[in-house]
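Here is the structure we will look at.
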Amino acid sequence: QVQLVESGGGLVQAGGSLRLSCAASGRTISIYAMGWFRQAPGKEREFVAAMSRSGSNTYYADSVKGRSTISRDNDKNTEYLQMNSLKPEDTAVYYCAARVAEARVIPRDYDYWGRGTQVTVSS
């Protein structure tokens, strides 16, 4: 199985950028579909972005489309989420997840999860 560790979160002003990283160990991430999700206080975990196992296809939530880019470095066994033009409503704990099948947007469809990294966007 794969272990996932997120990093790169922090406090940023509105309009700023962050790059989140998800370092994998135990297995190569190239065999998994990878997803990013977020959860704000009092809200359910929601889909942000995903990449297919091949890396050929990417998917984004409407709320981040055009502002975020998911990418993968197979040599580093790491998935990334670049977020630009951040808004206060992007404030949440961000989680990466891996799925032993093709990408999905529903959290319960994912098999492995990291512990999350906090992103706080100030206005």
Side-chain angles (χ1 to χ4, degrees):
Q1 72 185 41
V2 65
Q3 292 79 45
L4 305 173
V5 178
E6 302 93 336
S7 62
L11 174 63
V12 63
Q13 288 188 329
S17 299
L18 283 174
R19 188 177 78 158
L20 306 184
S21 300
C22 175
S25 61
R27 291 282 179 91
T28 173
I29 60 172
S30 62
I31 68 172
Y32 298 99
M34 299 294 293
W36 285 94
F37 295 80
R38 66 187 182 187
Q39 188 165 18
K43 296 187 176 181
E44 293 187 352
R45 193 167 297 189
E46 65 176 6
F47 169 74
V48 177
M51 175 175 282
S52 64
R53 287 187 297 176
S54 69
S56 298
N57 298 306
T58 57
Y59 311 89
Y60 297 93
D62 288 343
S63 59
V64 304
K65 195 173 295 183
R67 301 189 294 123
S68 297
T69 303
I70 187 171
S71 62
R72 172 184 297 173
D73 186 330
N74 287 330
D75 290 340
K76 295 183 178 180
N77 215 29
T78 300
E79 193 89 354
Y80 301 98
L81 181 68
Q82 175 70 42
M83 299 190 297
N84 302 320
S85 302
L86 283 162
K87 305 174 182 179
E89 51 263 45
D90 293 319
T91 295
V93 177
Y94 283 70
Y95 300 88
C96 72
R99 185 170 191 263
V100 187
E102 283 307 334
R104 292 288 186 271
V105 302
I106 301 175
R108 67 172 180 267
D109 286 342
Y110 282 75
D111 305 295
Y112 304 101
W113 290 85
R115 293 191 174 185
T117 185
Q118 175 72 46
V119 171
T120 303
V121 184
S122 63
S123 57

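Being a predicted model, the structure only gives us computed values, none of them experimental.
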message = Keeping Asp111 on the side-chain end and Val100 on the backbone end, is there a donor-acceptor pair under 3.5 Å?
response = yes
inquiry  = Do Arg99 and Tyr110 pair up side chain to side chain, a donor and an acceptor below 3.5 Å, judged on atom types alone?
reply    = no
query = Hey, is the main chain of Arg27 close enough, under 3.5 Å, to the side chain of Asn77 for a donor-acceptor pair?
reply = yes
Shortest non-hydrogen contact between Glu102 and Ser52, atoms and distance = OE1-CB, 3.5 Å
key: ring pair (Phe, Tyr, Trp, His ring centres under 6.0 Å) against Tyr95, all qualifying residues, sequence neighbours excluded   = none
Between CG on residue Leu81 and OG1 on residue Thr117, distance to nearest 0.5 Å = 11.0 Å
inquiry  = For the CE atom of Met51 and the OG1 atom of Thr58, what is their distance to the nearest 0.5 Å?
reply    = 6.0 Å
task = Compare every heavy atom of Asp62 with every heavy atom of Lys65, then report the nearest pair and how far apart it is.
result = NZ-OD1, 3.3 Å
task = Output yes when a side-chain donor or acceptor of Ser68 lies under 3.5 Å from a complementary backbone atom of Met83, and no otherwise.
result = no
task = Verify, without hydrogens or angle tests, whether Glu6 (side chain) and Arg115 (backbone) share a donor-acceptor contact under 3.5 angstrom.
result = yes
query = Could you give the distance from SG (Cys96) to OH (Tyr112), rounded to the nearest 0.5 Å?
reply = 13.5 Å
message = Which heavy atom of Ala33 sits nearest to which heavy atom of Ala103, and what is that distance?
response = CB-N, 3.4 Å
query = What are the two closest heavy atoms between Ala14 and Pro88, and how far apart are they?
reply = CB-CD, 4.1 Å
ask   = Between atom CZ of Arg72 and atom OH of Tyr32, what is the distance when rounded to the nearest 0.5 Å?
value = 11.5 Å
ask   = Can Val93 be reached from Val12 by stepping across I, L, V, M, F, W or Y side chains whose heavy atoms are under 4.5 Å apart?
value = no
query = Linking I/L/V/M/F/W/Y whenever any side-chain heavy atoms sit under 4.5 Å apart, do Leu11 and Val121 land together?
reply = no
query = Are Leu18 and Val48 connected, step by step, through hydrophobic side chains (Ile, Leu, Val, Met, Phe, Trp, Tyr) whose heavy atoms are closer than 4.5 Å?
reply = yes
request  = Measure the spacing between CH2 of Trp36 and CD of Glu79 and express it to the nearest 0.5 Å.
outcome  = 8.0 Å
ask   = In terms of hydrophobic clusters joined by side-chain contacts under 4.5 Å, are Tyr60 and Tyr94 together?
value = yes
inquiry  = Would Arg45 and Phe37 count as a cation-pi pair here, with the cationic atom under 6.0 angstrom from the ring centre and within 45° of the axis?
reply    = no
request  = Begin from the C-alpha positions of Tyr59 and Ile70 and carry the test side chain to side chain contact (heavy atoms under 4.5 Å, CB included) through to its verdict.
outcome  = CA-CA 8 Å; Tyr59 311 89; Ile70 187 171; over 6 Å; no
ask   = Same cluster or not: are Leu86 and Val64 linked, directly or through other Ile, Leu, Val, Met, Phe, Trp or Tyr residues, by side-chain heavy atoms under 4.5 angstrom apart?
value = yes
query = Distance from Glu89 atom CD to Arg38 atom CZ, nearest 0.5 Å?
reply = 8.0 Å
query = Thinking salt bridges, do Lys87 and Asp90 make one under a 4.0 Å N-O criterion?
reply = no
message = Testing the basics here: between Leu4 and Val2, what is the closest heavy-atom pair and its distance to 0.1 Å?
response = CD2-CG2, 4.0 Å
